[in-house]
Amino acid sequence: MNFTRWSARLPGTQRRAAARTETAVSPDRRGEGSVPAARAEPPADGTAPLPAVDELPARDVLDRVPALVALVHGPDHRLAYVNDAYTAAFGARRHLGRPARDALPELTELGLLPLLDQVLRSGRPRTLKSRKAPDGRSYTFTCTPVTEPGGDGAVLVFATDVTDHAEAAERLRASERRQRETAVTLQRSLLPQELEQPDDLRIAATYQPGGTEAAVGGDWYDVITLGGGRTALVIGDVMGRGVRAAAVMGQLRTAVRAYARLDLPPHEVLQLLDGLATEIDANQIATCAYAVHDPNEGRLVYASAGHLPILVRDEHGTVSRADEPTGPPLGTGGWMHASGSIALGPGSTAVLYTDGLVERRNEDLDEGIAALERALSGATGTPQVVCDRLVRSAGVTADHDDDVAVLVLQHPARTGSESELFRNAALELLGGVEAAPRARAFASGVLTSWRFPGDLHDAGVLATSELVANSLQHGTPPMRLRLRRTDRRLIIEVTDGDDHLPRRRQAEPADESGRGIAIVATIASNWGSRNTPGGGKAVWCEFLLPKGRPM
């Protein structure tokens, strides 16, 4: 077989074939767009001419190249030639003329035979990158069609050793996996290990890190009981990936918990968080939604810093978006956030989520949110069941390209004997000397009707008396007393129109006042105060109910 003519079909030589048609070009147009043939020209100094490429024996060239070369013929790919490098890698081949399936078993193991068929049919070269061969080394295979007049066609197999590159790539992937595992561990450790479960809500959450090819992000969520029956719910997303995003997320989550203890309105919490985000990293921004649920109001009061809208499904299955107001992300500065509200009555379900749940490439974000609304409208069951259904409906899998955090809360509709454990009673306090005795009588009657034991009854009446007396002395109308019981605690709250928040102080022996809040703090399980949205304040205390005692 004459290998010289095969050299004309080697990759990269086709463009030089046109140069050999020089004789077909008219003398007056020679040089216009044509490439001169590679031929030996006599050197100017008179030495012997160097051989042209076309004069080199193809077999000698192929035998000396470090790459692996094999030539197969026909539809069954009969072996015609292997070079010395191929023999050194896979052993000698003494069965020329046999099909590649038998003569080149290593190509079968590498899955290269279907590729040979494709090349032979299409007449186009194909490449298979970085495959590990039986000799333990990695090669990139290029299969190029070779044609000759009257023949069945042939394929030249050209393999380049890329073992060093493959090993370097594997080391890089291993390093990235270790970094990702570190970031995921950090991320999970910074998320709540166990969600707080308020008396009036049922809550579940899920976090799904991105797939192995995606670095972990800064998604987070939290549930914070504020006291007095109120609950704060938070979800956020730090822009960026990796350990840095997870670390910033941890700082923001810790700050949110600290600010929540101040019992501020949602927009004021975000205002404080915005300033802190700028101090943490001026180049780092994050989105966040902060909401507060008060069972007495039946609403979810929220503020959003560039985050996706909260979705609420009512008891009839109708889904609503809490769209406005929405401010820019945290860390941008210079924006005054505002609070909004959305109804969350008994039987309602609310969903807070990050963009990984609804954002997809080549798809509008509103389409993803609309799809989530449809999934939520038909999702029933416990909060954890709803969480799982929403994640499945969004097509989130282990190889998802972004982090996903979902927080689901339900305000259950209680009926029957369970409804007896959740009661409310309120009294408008009119100024005057008779307000305090009337408040004590009202509290005594309510607590008696709720069948509280004597010690808890007396402690509740005393706390009511002290809170009302404090409001009458330091507050302004309108004043209101509210009692609430859950399955776990008794809550007493007094509101008035004055903005000044009381504080516990150490009264001197000669002082005639200043002991009311100290007495409440001593006898109650917890107490606190906050400013109310319409102006004024609320002062509350709560008593844990004894476990295992009928009431």
Side-chain angles (χ1 to χ4, degrees), residues 1-17 38 50-148 151-173:
M1 180 178 291
N2 184 0
F3 280 93
T4 303
R5 60 183 172 183
W6 298 116
S7 67
R9 304 300 182 185
L10 289 176
T13 62
Q14 291 92 333
R15 64 179 180 271
R16 292 191 292 272
L50 298 175
V53 173
D54 291 344
E55 298 173 4
L56 295 176
R59 180 164 190 144
D60 289 346
V61 173
L62 295 179
D63 280 343
R64 287 169 172 76
V65 297
L68 282 59
V69 180
L71 181 70
V72 295
H73 273 282
D76 52 356
H77 311 301
R78 295 182 178 276
L79 179 62
Y81 165 78
V82 291
N83 71 344
D84 294 343
Y86 196 104
T87 300
F90 298 125
R93 297 295 186 273
R94 300 183 181 86
H95 305 291
L96 298 180
R98 294 182 61 184
R101 188 178 302 278
D102 301 325
L104 303 174
E106 59 277 358
L107 299 188
T108 303
E109 294 183 31
L110 291 167
L112 215 62
L113 295 187
L115 192 68
L116 295 178
D117 294 334
Q118 293 179 19
V119 171
L120 203 59
R121 285 195 305 268
S122 66
R124 296 180 179 180
R126 295 286 188 272
T127 298
L128 194 65
K129 294 184 177 180
S130 190
R131 286 295 178 92
K132 195 166 186 178
D135 66 346
R137 302 190 67 79
S138 297
Y139 298 91
T140 289
F141 291 87
T142 299
C143 300
T144 302
V146 181
T147 58
E148 63 177 340
D152 294 331
V155 177
L156 187 71
V157 181
F158 189 87
T160 306
D161 191 333
V162 293
T163 303
D164 292 342
H165 292 162
E167 290 177 351
E170 180 56 34
R171 288 194 297 270
L172 179 60
R173 286 192 293 269

Compare every heavy atom of [Y] with every heavy atom of [X], then report the nearest pair and how far apart it is.
X	Y	value
L113	H77	O-NE2, 4.2 Å
K132	G136	CE-O, 3.4 Å
H73	A80	CD2-CB, 3.4 Å
P145	P125	CD-N, 3.7 Å
P75	L120	CA-CD2, 3.7 Å
F141	L112	CD2-CD2, 3.7 Å

### Task
Sequence neighbours left out, what pairs pass salt bridge (Lys or Arg N to Asp or Glu O under 4.0 Å) with at least one residue falling in residues 153-167?
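Salt bridge (Lys or Arg N to Asp or Glu O under 4.0 Å) check on residues 153-167 returns R137-D161.
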### Chi angles and distances behind the side chain to side chain contact (heavy atoms under 4.5 Å, CB included) call for K129, V162
CA-CA 9 Å; K129 294 184 177 180; V162 293; over 6 Å; no
Counting N and O atoms only, with roles assigned by atom type, does the side chain of [X] sit under 3.5 Å from a partner on the main chain of [Y], one being a donor and the other an acceptor?
X	Y	value
R131	L110	yes
D76	P99	no
R93	L104	no

### Query
Any side-chain heavy atom of Y81 sitting closer than 4.5 Å to one from D63?
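Answer yes - side chains close enough.
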So how far is it from [X] [atom1] to [Y] [atom2], rounded to the nearest 0.5 Å?
X	Y	atom1	atom2	answer
C143	L128	SG	CG	8.0 Å
L68	D84	CG	CG	10.5 Å
L96	R78	CG	CZ	12.0 Å

#### Entry: Stepwise side chain to side chain contact (heavy atoms under 4.5 Å, CB included) check, L116 with V157
CA-CA 9 Å; L116 295 178; V157 181; 3.8 Å; yes
### Task
Check each of T144, T140, T160 against T127 using the side chain to side chain contact (heavy atoms under 4.5 Å, CB included) test, and report the only one that passes.
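Answer after filtering T144, T140, T160: T140.
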### Query
Can you name the residues that form a salt bridge (charged side-chain N to carboxylate O under 4.0 Å, His left out) with E109, not counting sequence neighbours?
none
